[in-house]
Amino acid sequence: MKQNEISGIRREYTKGKLTKCSVSDNPFTQFDEWLDEAVAIEEEEPTAMIVATVSPEGHPSTRTVLLKGVEDGKFIFYTNYESRKGQQLAANPYISLSFVWHKPERQVHIEGKAEKCSPEESDAYFASRPYKSRIGARISPQSKVIDGRIGIIRAFAREAIRLAGQEVKRPDNWGGFAVTPTRMEFWQGRENRLHDRILYTRLADGNWKKERLAP
Ligand SMILES: Cc1cc2nc3c(=O)[nH]c(=O)nc-3n(C[C@H](O)[C@H](O)[C@H](O)COP(=O)(O)O)c2cc1C
């Protein structure tokens with residue numbers, strides 16, 4: 001695609017508005033409402049979020065991950081603990097999550113700290129995954145360089161045969177992260193790029209402060 005074709009792609013955002021009064025006092029309630037709406041209008045992958053982590057050298061990296069729950073004020077996702085993101089979180093637990101829902105012209109940015117879920121919580125979620133996803137999680141050295149696809153396909157087949165008829169247990173290097181937010185921003189696209197942005201910041205007493213940000 002040519003440069004002027006790329007720069008010419010734009011749309012007006014007109015689907016909604018946000019005020020400090022119209023949003024909930026609790027950002028989790030607000031998130032729940034927006035996620036429900038994204039699901040109801042059949043947003044493509046409504047639980048997909050961009051997860052940003054930072055290397056020990058201070059270099060950020062991002063990737064898409066699926067949200068698997070919001071429990072006790074924490075956002076939960078599952079991954080390989082030895083993956084690039086897993087290693088970065090082990091060294092530096094500060095994390096950012098971003099949801100973008102294109103149909104309602106909304107985004108949510110979350111910043112906070114990640115901790116591993118308990119083995120029991122990870123076991124329970126792992127057990128709910130489809131059989132083949134469980135086998136896949138056991139054999140894939142996520143984020144490592146591999147020679148080709150064939151080695152992974154063979155490892156998958158070998159593991160499926162080895163475990164035939166047995167319970168497929170969660171490997172120790174796979175599990176959940178729970179993110180406790182300190183900051184959550186709700187963004188609604190508006191006309192002429194004068195978007196609405198409402199920022200919630202967690203106060204020392206656990207309550208949330210609400211402020212409007214400039215677009
Ligand atoms: C829609 C979508 C959903 C994904 N969900 C997950 C997920 O839940 N967990 C996961 O580990 N990777 C998921 N991935 C793959 C990640 O984006 C990424 O490739 C992988 O986790 C390795 O990332 P890393 O090398 O930065 O650790 C998903 C990718 C896409 C496009």
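Atoms within a ligand are numbered from 1 in the order they appear, just like the ligands themselves.
- Between Asn80 and ligand 1, no N or O atom pair is found at a separation short of 3.5 Å.
- Residue-ligand proximity, Thr79 to ligand 1, at heavy-atom distances under 4.0 Å covers atoms 10 (C), 11 (O).
- Within ligand 1, the atoms closer than 4.0 Å to a non-hydrogen atom of Ser143 are 22 (C), 24 (P), 25 (O), 27 (O), numbered from 1 in the order shown.
- Interface atoms of ligand 1 facing Glu45, defined by a heavy-atom separation under 4.0 Å, are 1 (C).
- Heavy-atom contacts of Tyr78 reach the following atoms of ligand 1: 7 (C), 8 (O), 9 (N), 10 (C), 11 (O) (cutoff under 4.0 Å).
- Looking at atom 13 (C) of ligand 1, its nearest protein heavy atom turns out to be Thr64 O, 3.5 Å.
- Counting only heavy atoms of the protein, atom 8 (O) of ligand 1 lies nearest to Leu66 N, 3.2 Å.
- Salt-bridge formation is detected for the pair Glu159/Arg162: a Lys NZ or Arg NE/NH1/NH2 atom is positioned less than 4.0 Å from an Asp or Glu carboxylate oxygen.
- Of the heavy atoms in Lys68, none comes closer than 4.0 Å to ligand 1.
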Q.
Evaluate Trp174 against Phe126 for ring-ring contact (aromatic ring centres under 6.0 Å, His included), listing each step before the verdict.
A. CA-CA 9 Å; Trp174 193 98; Phe126 190 77; 5.2 Å; yes
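- In this structure, Lys113 does not pair ionically with Glu115, as no charged nitrogen and carboxylate oxygen lie closer than 4.0 Å.
- With hydrogens left out, the protein atom closest to atom 12 (N) of ligand 1 is Gln142 NE2, 3.9 Å, a heavy atom.
- Under the 3.5 Å distance criterion, with hydrogens and angles disregarded, a donor-acceptor pair is assigned to the side chains of Gln88 and Ser61.
- The N/O atoms of Gly86, backbone and side chain alike, include none that comes under 3.5 Å of an N/O atom in ligand 1.
- Note on Arg190 versus Glu105: no salt bridge recorded, every NZ/NE/NH1/NH2 to OD/OE distance being 4.0 Å or above.
- The aromatic ring centroids of Tyr200 and Phe186 lie less than 6.0 Å from each other.
- No heavy atom of Phe77 sits closer than 4.0 Å to any atom of ligand 1.
- Aromatic rings from Phe28 and Phe75 are positioned such that their centres are separated by under 6.0 Å.
- Here is the list of ligand 1 atoms found below 4.0 Å of a heavy atom in Val65: 4 (C), 5 (N), 6 (C), 7 (C), 8 (O), 9 (N).
- Atom 19 (O) of ligand 1 lies below 4.0 Å from none of the non-hydrogen atoms of the protein.
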Q. Going through the distances and angles, do Phe177 and Tyr81 end up as a ring-ring contact (aromatic ring centres under 6.0 Å, His included)?
A. CA-CA 9 Å; Phe177 280 106; Tyr81 289 141; 5.2 Å; yes
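- Test Arg84, Arg63, Lys85 against Thr53 for side chain to side chain donor-acceptor pair (under 3.5 Å) and you get one pass: Arg63.
- Ring-centre distance between His109 and Trp187: not below the 6.0 Å cut-off.
- In this structure, atom 26 (O) of ligand 1 lies nearest to the protein heavy atom Arg63 NE, 2.7 Å.
- At the shortest separation from atom 22 (C) of ligand 1 among protein heavy atoms lies Lys85 NZ, 3.5 Å.
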